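All values below were derived from every heavy atom in this structure, side-chain atoms included, with hydrogens, water molecules and symmetry-related copies excluded. None of the values given here were measured: they were computed from a predicted structure.
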Amino acid sequence: MTSSPLANSPLQDFIGRHENLFVLTGAGCSTNSGIPDYRDSQGNWKRTQPVNFQAFMSDEPVRQRYWARSLIGWRRFGQAKPNDAHRALARLEANGRCGMLLTQNVDRLHQSAGHRQVIDLHGRLDLVRCMGCGRKTPREAFQHALGRANAAWLTLDAADAPDGDADLEHEDFSSFEVPPCEACGGILKPDVVFFGENVPREVVAIAQDHLAQADAMLIVGSSLMVYSGFRFVQAAARRNIPIAAVNLGRTRADDLLTLKVEARCEAALAFLL
């Protein structure tokens with residue numbers, strides 16, 4: 001593995017030598033848009049692990065706590081804008097070098113930057129799904145419903161946490177009202193893959209098909225500590241195609257990389273703009 005702290009020349013050469021890149025992005029791609037990431041430079045959790053799927057589905061207090069924090073966090077998350085890393089990768093696609101972008105992020109900022117071929121591996125936070133009937137509604141509409149049901153909570157503020165969460169602590173969530181599905185009365189959940197929940201098989205299959213056609217893989221802003229993303233790097237390694245990564249700190253795939261660039265995503269990709 002070759003490592004470069006400044007990155008531009010080796011990474012530019014890597015991209016220039018490959019015509020069909022399979023790109024995988026993670027939280028580091030969106031930190032410059034004001035969305036915090038989960039892990040430190042060693043790949044360890046910076047805060048308590050995100051909500052677990054089984055706990056969310058079985059425990060009403062867990063849902064109350066989640067949606068109360070989300071009510072506060074969404075106000076800024078929903079206004080996040082793409083940064084130069086998103087724009088650079090959109091330019092890479094426009095130049096015909098990126099066959100598919102697979103993102104672990106749920107913020108839809110790649111699409112906002114103009115990227116067209118995107119797979120949202122972990123879903124999208126701008127939709128809410130009923131776990132009973134499957135009905136989907138815009139998160140912004142649900143934000144208004146949460147606010148109407150919990151007007152007093154709208155006066156609170158808290159520091160941003162990853163994926164539209166907020167560090168709202170020392171509050172009694174027992175009075176927080178979570179509206180049910182208007183169609184069937186079912187439990188409403190953001191249309192994202194929680195920890196303990198499986199990525200849909202069809203999503204994995206589509207991504208694998210695109211990876212099978214790629215001549216190289218580029219990882220941008222992911223430590224790959226979550227297996228749902230790491231498995232695609234393993235698949236690329238089995239195919240013996242070159243793998244480059246842009247990430248500040250350790251990744252789970254360091255021993256599989258052809259090139260590693262330790263720099264901020266937008267700085268490393270600036271040559272594409």
Worksheet item: Who are the salt bridge (charged side-chain N to carboxylate O under 4.0 Å, His left out) partners of E266, not counting sequence neighbours?
Response: R264

Response to the item:
In terms of heavy-atom contacts, F232 and A207 come closest through CE2-CB, 3.5 Å

Discussion item. Nearest 0.5 angstrom please: S30 OG to D107 CG, how far?
Written reply: 3.5 Å

Worksheet entry | Centroid-centroid distance, F56 to F195, less than 6.0 Å | no

Fill in: Closest non-hydrogen atom pair between G196 and N52, with its separation
CA-ND2, 4.1 Å

Worksheet, complete the sentence: ring pair (Phe, Tyr, Trp, His ring centres under 6.0 Å) filter on F230, not counting sequence neighbours, yields none

Worksheet item: Which residue pairs pass the salt bridge (charged side-chain N to carboxylate O under 4.0 Å, His left out) test when at least one of the two sits in residues 197-221, sequence neighbours left out?
Response: R129-E197, K189-E197

Discussion item. Applying a strict under-4.5 Å side-chain criterion to I, L, V, M, F, W and Y, I'd like to know whether L127 and L121 cluster together.
Written reply: no

Worksheet item: Considering residues at least two apart in sequence or located in another chain, which fulfil the side-chain contact (heavy atoms from CB on, under 4.5 Å) criterion with R116?
Response: E93

Item to complete: Of all the heavy-atom pairs spanning Q104 and S222, show the shortest one and how long it is.
Response: OE1-OG, 2.7 Å

Worksheet entry | Atom pair OG (S70) and CZ (R75), whose distance is rounded to the nearest 0.5 Å | 11.0 Å

Practice prompt. Verify the cluster assignment for F194 and W67: are they in a single hydrophobic cluster under the rule of side-chain heavy atoms below 4.5 Å apart?
Written response: yes

Discussion item. If the condition is side chain to side chain donor-acceptor pair (under 3.5 Å), which residues does D126 pass it with, not counting sequence neighbours?
Written reply: R124

Practice prompt. Using the ring-ring contact (aromatic ring centres under 6.0 Å, His included) rule, collect all pairs that involve residues 89-115, keeping only residues at least two apart or in two chains.
Written response: H86-H110

Fill in: V128 vs D191 side-chain heavy atoms within contact, under 4.5 Å
no

Discussion item. With heavy-atom distances below 4.5 Å as the criterion, would you say the side chains of Q64 and D59 are in contact?
Written reply: no

Discussion item. Test of understanding: with ring pair (Phe, Tyr, Trp, His ring centres under 6.0 Å), list the residues that count as partners of W74, not counting sequence neighbours.
Written reply: F77

Discussion item. So L224 and V233, do their side chains get closer than 4.5 Å, heavy atoms only?
Written reply: yes

Worksheet item: Looking at residues at least two apart in the chain, or sitting in another chain, which of them share a side chain to side chain donor-acceptor pair (under 3.5 Å) with E19?
Response: none

Worksheet item: Residues in side chain to side chain donor-acceptor pair (under 3.5 Å) with R91, at least two apart?
Response: none

Discussion item. Tell me whether R17 is salt-bridged to D13, with the criterion being a basic N under 4.0 Å from an acidic carboxylate O.
Written reply: yes

Worksheet item: Can you list the residues that meet the ring pair (Phe, Tyr, Trp, His ring centres under 6.0 Å) rule with H18, with sequence neighbours excluded?
Response: F14

Discussion item. Can a side-chain donor-acceptor contact be found between T25 and T103 if the only test is distance below 3.5 angstrom?
Written reply: yes

Worksheet item: Do D120 and Q111 have side-chain atoms, one donor and one acceptor, less than 3.5 Å apart?
Response: yes

Worksheet item: With a 6.0 Å cut-off on ring centres, are W153 and F176 close enough?
Response: yes

Worksheet item: What are the two closest non-hydrogen atoms of L211 and A235, and how far apart are they?
Response: CD2-CB, 3.7 Å

Worksheet entry | With sequence neighbours excluded, residues passing side-chain contact (heavy atoms from CB on, under 4.5 Å) with A88 | L269, L272, L273

Item to complete: Identify, with sequence neighbours excluded, every residue that meets side chain to side chain donor-acceptor pair (under 3.5 Å) alongside S228.
Response: H122

Worksheet item: CD1/I243 to CD/Q234 distance, rounded to the nearest 0.5 angstrom?
Response: 10.0 Å

